Asks: 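Sharing a structure, written as structure tokens. Questions coming.
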Amino acid sequence: MNFKNIIVEIKEAVYLITINRPNHLNALNNETIIELNIAINQAQKSNTTRCIVLTGAGEKAFVAGADIKEFVKYTKEEGEALARRGQEQLFDLLENSAIPTIALINGYALGGGLELAMACHIRIATENAMLGLPEVSLGVIPGYGGTQRLTHLVGKGKAIEIITTASMMTAMEAKECGLVNYTCKKEEMSDLSEKIINKIKQNSPQAISKAIQSINACLTEGVNGFEIEKKLFGECFQTKDFIEGTQAFLEKRKPNFN
Ligand code: DAK
């Protein structure tokens, strides 16, 4: 499928999605959210995808926020409806993806852009990246799950500081507070992400998917994560991957989960 706002490249079981609106610093408009939804669903339907990677086109930005020119005209009702729809179509889709998702933050990750990165499972930021949730400076609050995911990642005190000051932080500061997993030089991003992806690829996709589901249960209100873990642990037994993983160990060879 041809997209207008994103570029999709599939290579060695990795589904790389580049948000491609560099003249707008890759700002997320509705059309881009819809295209991302289609691409991520496609990746998840393929039996061979082992990792979904998101990044931004150009030299300056991952994603500099929701498209301000678009959301400036919304009414109260539209705002709530769009937050609901956007969260389901994109942000929850990424967070609940059975396939690991990685955000390569190669520049500004602001507002909806940082919310997009936070919905991914792993975040790597280049040293020049600037991150923040400037929504309150525009008279709104983060509406794509940012108040929740930031609090989960950095704790309540730091989340309140980041959101109420609307200030940008460097990649290093983001690493210090647990907002990103790694920082690296621009030219090292590809090698570092490849290293992480290769480790993921060696492991059981069936177990990885259940592990993600179980970890997410920890943060789902009204759900007992320990109970979910027990149930999912039980479900691993006698799966194709469990048989291969345990057999490979006993035969002193590397498992082949493909
Ligand atoms: N939206 C639309 N256009 C944007 C944009 C954005 N978020 N960010 C940048 N651009 C555009 C600029 O307008 C400019 O376009 P032209 O003027 O050339 O046509 C072009 O990208 C290049 O930007 P600059 O010339 O400003 O570049 P600089 O290097 O000077 O500055 C900057 C870079 C990142 C500091 C600056 O562009 C900036 O402050 N950008 C805005 C950052 C921001 O406030 N982002 C929005 C945060 S609020 C919702 C749910 C969630 C949200 C909204 C609605 N619903 C459920 C409805 C989330 C809201 C947000 O994300």
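It should be emphasised that the depicted structure is a prediction, and the values quoted were computed from it without experimental measurement. Whatever order the structure lists them in is the order used to number ligands and atoms, beginning at 1.
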Asks: Within the structure, does Tyr74 bring an N/O atom to less than 3.5 angstrom of an N/O atom in ligand 1?
Replies: no
Asks: Who gets closest to atom 9 (C) of ligand 1 by heavy atom: Val140, Leu116, Leu25?
Replies: Leu25
Asks: Report the nearest protein non-hydrogen atom to atom 52 (C) of ligand 1: residue, atom name, distance rounded to 0.1 Å.
Replies: Ala66 CB, 3.6 Å
Asks: Are Gly79 and ligand 1 in contact, using a heavy-atom cut-off of under 4.0 Å?
Replies: yes
Asks: Any side-chain donor-acceptor pair under 3.5 Å between Asn29 and Glu70?
Replies: no
Asks: Just going by heavy-atom distances, which of His24, Arg85, Arg21 is nearest to atom 11 (C) of ligand 1?
Replies: His24
Asks: Closer than 4.0 Å to some heavy atom of Leu110 - which atoms of ligand 1 meet that?
Replies: 34 (C), 42 (C)
Asks: Can you see whether Asn20 engages Thr18 through a side-chain donor-acceptor pair at a distance of less than 3.5 angstrom?
Replies: no
Asks: Among protein heavy atoms, which lies nearest atom 1 (N) of ligand 1, and at what distance?
Replies: Ile68 N, 2.9 Å
Asks: What's the separation between atom CD in Glu244 and atom CG in Asn256, rounded to the nearest 0.5 Å?
Replies: 6.0 Å
Asks: Check Ala83 against ligand 1 and report side chain, backbone, both or neither, counting heavy atoms closer than 4.0 Å.
Replies: both
Asks: Can you tell me the protein heavy atom closest to atom 2 (C) of ligand 1 and the distance?
Replies: Asp67 OD1, 3.4 Å
Asks: I'd like to know whether CZ of Phe257 has more than 12 heavy-atom contacts from other residues, nucleotides or ligands below 6.0 angstrom.
Replies: yes
Asks: Just to be sure I read this right, does ligand 1 sit under 4.0 Å from the backbone of Glu78, its side chain, both, or neither, counting only heavy atoms?
Replies: neither
Asks: Name the closest protein heavy atom to atom 55 (N) of ligand 1, giving the residue it belongs to and the distance to 0.1 Å.
Replies: Tyr144 OH, 3.8 Å
Asks: For atom 14 (C) of ligand 1, grab the closest protein heavy atom and report residue, atom and distance to one decimal in Å.
Replies: Asn23 O, 4.3 Å
Asks: Could you identify the single nearest non-hydrogen protein atom to atom 17 (O) of ligand 1 and state the distance to 0.1 Å?
Replies: Lys69 NZ, 4.9 Å
Asks: Between ligand 1 and Gly112, is the shortest N or O to N or O distance under 3.5 Å?
Replies: yes
Asks: So which heavy atom in the protein is nearest atom 29 (O) of ligand 1, and how far is it from that ligand atom?
Replies: Lys60 NZ, 2.6 Å
Asks: Is atom 48 (S) of ligand 1 less than 4.0 angstrom from some protein heavy atom?
Replies: yes
Asks: Which residue supplies the protein heavy atom nearest to atom 8 (N) of ligand 1, what is that atom called, and how far is it?
Replies: Ala64 CB, 3.7 Å
